[in-house]
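Counting convention: from 1, in listed order, for ligands and their atoms alike. Throughout, residue positions are numbered sequentially from 1 according to the sequence presented.
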Amino acid sequence: MDRRKTVFFATSNIGKVEEAEITLKEYGILLLHLPMKLIEIQSDNLEEIAVFSAQKAWENQGKPLFVEDAGLFIKELNGFPGPYSSYVFKTISNEGILKLMSDKRNRAAYFQSVIAFCNGKSTTTFKGEVRGKISKEIRGGHGFGFDPIFIPEEGDGRTFGEMDISEKTAISHRTKALKKFAEWIKSLDYSKFI
Ligand code: IMP
């Protein structure tokens with residue numbers, strides 16, 4: 001029998017699952033994917049969106065689980081697309097963001113990730129951020145979403161899209177949130193908690 005602590009990740013994004021598996025494995029935590037489309041409310045706040053989605057997913061699945069909500073915040077665009085990242089990616093995508101940024105000298109941006117874990121009794125959140133800038137063109141075929149236009153500050157000038165998954169997860173916003181989450185899970189008497 002696998003004696004590792006087990007956590008369920010409710011998401012329809014397989015890219016997120018692959019990234020989360022790498023980090024949680026380092027903490028000896030077993031990740032199980034619950035493939036499902038999450039219900040997302042409209043809000044200016046990623047944490048509010050994540051908490052709501054986690055609670056709805058818990059109602060649907062009846063299992064302790066976590067969700068993760070992320071957004072790309074661009075300084076010169078006053079934080080846009082931020083909490084609307086999913087809709088913006090679906091509509092104007094990376095090409096549209098590059099057009100909006102075409103006359104901007106300051107290309108600073110950051111990704112934020114919020115994890116919300118719900119056990120039916122309470123919901124706990126964990127945040128991570130990575131700072132960087134928007135590239136001038138689309139570069140790289142790895143990852144997903146805005147990866148090909150985001151150059152992390154901690155990297156070597158390549159976009160996330162030009163990095164393989166282990167390079168991205170070494171520095172990403174998601175990893176930072178996942179590490180806080182994993183530390184917390186490790187510290188719990190999990191059998192009583194869930
Ligand atoms: P979600 O609501 O967290 O699924 O993500 C909002 C939007 O941001 C989606 O279009 C994702 O593809 C994109 N996104 C989320 N996380 C990342 C990431 O780590 N890299 C690039 N794009 C991301």
A.B. asks: Out of E19, E68, K168, whose heavy atom sits nearest atom 19 (O) of ligand 1?
C.D. replies: K168
A.B. asks: Just jot down the ligand 1 atoms closer than 4.0 angstrom to any heavy atom of S85, in number order.
C.D. replies: 6 (C), 7 (C), 8 (O), 10 (O)
A.B. asks: Just jot down the ligand 1 atoms closer than 4.0 angstrom to any heavy atom of F89, in number order.
C.D. replies: 10 (O)
A.B. asks: Taking distance alone, with N or O pairs closer than 3.5 Å, would you say F111 contacts ligand 1?
C.D. replies: no
A.B. asks: When the ring planes of W184 and F126 are compared, do they come out parallel, tilted or perpendicular, using 30° and 60° as the limits?
C.D. replies: tilted
A.B. asks: Whether the side chain of S53 engages the backbone of I39 through a donor-acceptor N/O pair (distance < 3.5 Å, no angle test) should be reported.
C.D. replies: yes
A.B. asks: Which heavy atom of the protein is the closest neighbour of atom 14 (N) of ligand 1, given with residue, atom name and distance?
C.D. replies: F144 CE1, 3.9 Å
A.B. asks: Determine the sole option in E47, K180, E48 for which the side-chain hydrogen bond (donor to acceptor under 3.5 Å, both in side chains) test with T125 is passed.
C.D. replies: E47
A.B. asks: Against heavy atoms of E40, which atoms of ligand 1 measure under 4.0 Å?
C.D. replies: 2 (O)
A.B. asks: Regarding R131 and E129, does a basic nitrogen lie under 4.0 Å from an acidic carboxylate oxygen?
C.D. replies: no
A.B. asks: Are any side-chain N or O atoms of D156 and backbone N or O atoms of R158, one a donor and one an acceptor, separated by less than 3.5 Å?
C.D. replies: yes
A.B. asks: Identify the closest protein heavy atom to atom 15 (C) of ligand 1: which residue and atom is it, and at what distance?
C.D. replies: A70 CB, 3.6 Å
A.B. asks: Is H173 touching ligand 1 with its side chain, its backbone, both, or neither, if touching means heavy atoms under 4.0 Å apart?
C.D. replies: side chain
A.B. asks: I'd like to check whether N13 has a polar contact with ligand 1, where a contact means an N/O of the residue lying under 3.5 Å from an N/O of the ligand.
C.D. replies: no
A.B. asks: Which atoms of ligand 1 sit under 4.0 Å from any heavy atom of D147?
C.D. replies: 18 (C), 20 (N), 21 (C)
A.B. asks: Going by the order shown, which atoms of ligand 1 are within less than 4.0 Å of some heavy atom of K16?
C.D. replies: 1 (P), 3 (O), 4 (O)
A.B. asks: Is the shortest N/O to N/O distance between S86 and ligand 1 below 3.5 Å?
C.D. replies: no
